[in-house]
Undergrad: 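I have a structure here, written as C-alpha cells, and I will follow up with some questions on it.
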Amino acid sequence: MDSIIFDVDGTLWDSTEVVAKAWNNYLQKEEHMNITFTADQLKALFGKPLAEIAALIFPEHPVDEQSRLIDGCCEAEHALLHITGAPLYEDLEKALQILSAKYPLYIVSNSQCGYIELFLEKNGFGKYFRGHLCNGDTGLDKGSNIRQIADQNGLKSPVYIGDTMGDFEACRKAGVPFILAEYGFGKVPEPDMRISKPMDLITLFC
C-alpha cells in the first residue's frame with residue numbers, strides 16, 4: 001500500500017444534519033415546496049451522484065427542473081456549511097497528521113463541484129491531501145475517478161476508505177482494495193478490511 005484515497009461523507013465528517021436544515025430551508029422558503037428531509041434520509045442518499053439523488057427526491061419533475069432544484073439545494077448547503085461546518089469523526093485530524101507524514105492522501109467523492117474544497121477549507125485540512133476528484137468535476141462515476149486519480153498521480157497500490165456499498169462497487173471497478181468505515185452511513189458485508197474509527201488506520205498502516 002503506497003497511498004490512501006478517502007470518501008468524504010460518512011468517512012471524514014457527517015454533514016447530514018446541516019445539509020437537511022439547508023435543503024429544507026431552501027425548498028420550503030424559496031421554492032414553496034411542502035417537503036422535509038431528515039439527516040437519516042440523507043444518509044441513505046449520500047454517496048450517490050447528484051443527478052441520481054435529484055431523480056430520487058424530485059421524481060415528479062422533469063430532468064432539467066430536478067437539476068435546477070438540486071443545484072439550489074447545494075448552494076444553500078454550501079452557504080450554511082461555510083458558517084457552521086459539520087462534525088468530524090473521532091480524532092480525525094490526529095489520524096490525518098500521522099498518515100500524511102507517511103503516505104500521500106487523496107479524496108474521491110460523488111459530490112458536486114466545490115464540496116471537497118469546502119470541507120478542506122473549513123477544517124484547514126488542505127495541508128494533508130495531495131489532490132481530489134469528484135463527480136461534479138469530471139462527470140464520471142466514482143470507480144472511474146478513483147482510477148483516474150491513481151493514474152494521474154502514479155499511485156501503484158492505493159487503498160480506498162469509504163462507507164457504502166457504492167464505494168465498495170467503485171473500488172471493485174477501479175481494482176483498488178476497499179476499507180469499510182463502519183461508523184459511516186452504509187453496510188458492506190465483505191469489505192477487504194474494516195475500521196471502527198479513523199485512528200484504526202494508524203494501527204493498520206503505521
Undergrad: So do the side chains of Met199 and Ile98 get within less than 4.5 Å of each other, counting heavy atoms only?
TA: yes
Undergrad: Quick check against the 3.5 Å criterion: does Asn25 have a side-chain atom that pairs as donor or acceptor with the backbone of Ala22?
TA: no
Undergrad: From Asp200 CG over to Glu182 CD, what is the distance, rounded to the nearest 0.5 angstrom?
TA: 8.5 Å
Undergrad: For a quick test of reading the model, state the closest non-hydrogen atom pair linking Trp23 to Ile53 and the distance between them.
TA: CH2-CG2, 4.1 Å
Undergrad: Mind running salt bridge (charged side-chain N to carboxylate O under 4.0 Å, His left out) on Arg147 and Asp141 for me, showing each step along the way?
TA: CA-CA 10 Å; Arg147 189 71 263 154; Asp141 62 83; over 6 Å; no
Undergrad: Would Lys102 and Phe205 satisfy side-chain contact (heavy atoms from CB on, under 4.5 Å), going step by step from the backbone distance to the final call?
TA: CA-CA 9 Å; Lys102 189 170 183 180; Phe205 298 128; over 6 Å; no
Undergrad: Assess the residue pair Trp13 and Val18 against the criterion (side-chain contact (heavy atoms from CB on, under 4.5 Å)); give the C-alpha distance rounded to whole Å, side-chain angles, the decisive distance to 0.1 Å, and a yes or no.
TA: CA-CA 11 Å; Trp13 73 355; Val18 178; over 6 Å; no
Undergrad: Looking at SG of Cys134 and CG of Asp7, how far apart are the two atoms once the value is rounded to the nearest 0.5 Å?
TA: 11.5 Å
Undergrad: Looking only at non-hydrogen atoms, find the nearest pair between Gly136 and Cys113 and report the distance.
TA: O-SG, 2.8 Å
Undergrad: Could you label the plane-to-plane angle of the Tyr115 and His78 rings as parallel, tilted or perpendicular, counting under 30° as parallel and over 60° as perpendicular?
TA: tilted
Undergrad: Out of curiosity, Met33 CE to His61 NE2, how far, rounded to the nearest 0.5 Å?
TA: 4.0 Å
Undergrad: Roughly how far, to the nearest 0.5 Å, is the CG atom of Asn110 from the CD atom of Glu52?
TA: 8.5 Å
Undergrad: Return the minimal non-hydrogen interatomic distance between Cys73 and Phe58, and the atom names on each side.
TA: SG-CZ, 4.4 Å
Undergrad: Same cluster or not: are Leu50 and Leu118 linked, directly or through other Ile, Leu, Val, Met, Phe, Trp or Tyr residues, by side-chain heavy atoms under 4.5 angstrom apart?
TA: yes
Undergrad: Say whether Ile5 and Leu204 are linked into one hydrophobic cluster, either directly or through other cluster members, by side-chain heavy-atom distances under 4.5 angstrom.
TA: no
Undergrad: Return the minimal non-hydrogen interatomic distance between Pro59 and Gln66, and the atom names on each side.
TA: CA-NE2, 4.1 Å
Undergrad: Transitively linked via ILVMFWY side-chain contacts under 4.5 Å: Leu92 with Phe185?
TA: yes
Undergrad: Is any side-chain N of the basic residue among Glu65 and Arg68 closer than 4.0 Å to the acidic one's carboxylate O?
TA: yes
Undergrad: Applying salt bridge (Lys or Arg N to Asp or Glu O under 4.0 Å) between Asp167 and each of Lys187, Lys48, Lys142, report the one that passes.
TA: Lys142
Undergrad: For the hydrophobic clusters of this structure (ILVMFWY residues joined by side-chain heavy atoms under 4.5 Å, transitively), does one cluster hold both Leu12 and Ile149?
TA: no
Undergrad: Flag yes if more than 12 heavy atoms outside Lys21 fall under 6.0 Å of its NZ atom; otherwise flag no.
TA: no
Undergrad: Could you grab the distance from atom CD1 of Ile202 to atom NZ of Lys94, nearest 0.5 Å is fine?
TA: 9.0 Å
Undergrad: Name the orientation class of the two ring planes belonging to Phe178 and Tyr160 (parallel below 30°, tilted from 30 to 60°, perpendicular beyond 60°).
TA: parallel
Undergrad: Are side-chain heavy atoms of Lys43 and Asp14 found at a separation under 4.5 Å?
TA: yes
Undergrad: Other residues, nucleotides and ligands only: do more than 12 of their heavy atoms fall within 6.0 Å of CD on Gln148?
TA: yes
Undergrad: Would you please say whether a donor-acceptor pair under 3.5 Å links the side chains of Glu93 and Tyr128?
TA: yes
Undergrad: Is it possible for you to say whether Ile195 and Leu99 belong to one hydrophobic cluster, with membership spreading through side-chain heavy-atom contacts below 4.5 Å?
TA: yes
Undergrad: Where is the tightest heavy-atom contact between Asp163 and Ala181, given as atom of each residue plus distance?
TA: CB-O, 3.7 Å
Undergrad: Side chains of Thr36 and Gln28: is there a donor and an acceptor less than 3.5 Å apart?
TA: yes
Undergrad: Does some side-chain heavy atom of Glu77 sit less than 4.5 Å from a side-chain heavy atom of Gln112?
TA: yes
Undergrad: Without hydrogens or angle criteria, can the side chains of Ser15 and Asp9 be said to hold a donor-acceptor pair below 3.5 Å?
TA: yes
Undergrad: So, does Asp2 use its side chain to make a donor-acceptor pair with the main chain of Lys156 at under 3.5 Å?
TA: yes
Undergrad: Working to the nearest 0.5 angstrom, can you tell me the gap between Ser3 OG and Asn153 CG?
TA: 8.5 Å
Undergrad: Check the pair Leu201, Tyr103 against side-chain contact (heavy atoms from CB on, under 4.5 Å), reporting the backbone distance first and the verdict last.
TA: CA-CA 12 Å; Leu201 293 168; Tyr103 303 102; over 6 Å; no
Undergrad: Between the main-chain N or O of Gln97 and the side-chain N or O of Ser100, is there a donor-acceptor pair closer than 3.5 Å?
TA: yes
Undergrad: Can you check whether Leu140's main-chain N or O pairs, donor with acceptor, with Asn135's side chain at less than 3.5 Å?
TA: yes
Undergrad: Begin with the C-alpha distance, continue with both residues' side-chain angles, and end with the deciding distance and a verdict on side-chain contact (heavy atoms from CB on, under 4.5 Å) for Phe6 and Leu96.
TA: CA-CA 11 Å; Phe6 289 87; Leu96 294 177; 4.1 Å; yes
Undergrad: Looking at Leu105, Val176, Ile4, Ile146, which hits side chain to side chain contact (heavy atoms under 4.5 Å, CB included) with Pro158?
TA: Val176
Undergrad: Which heavy atom in Ala54 sits nearest to a heavy atom in Ile70, and how many Å separate them?
TA: CB-CB, 3.8 Å
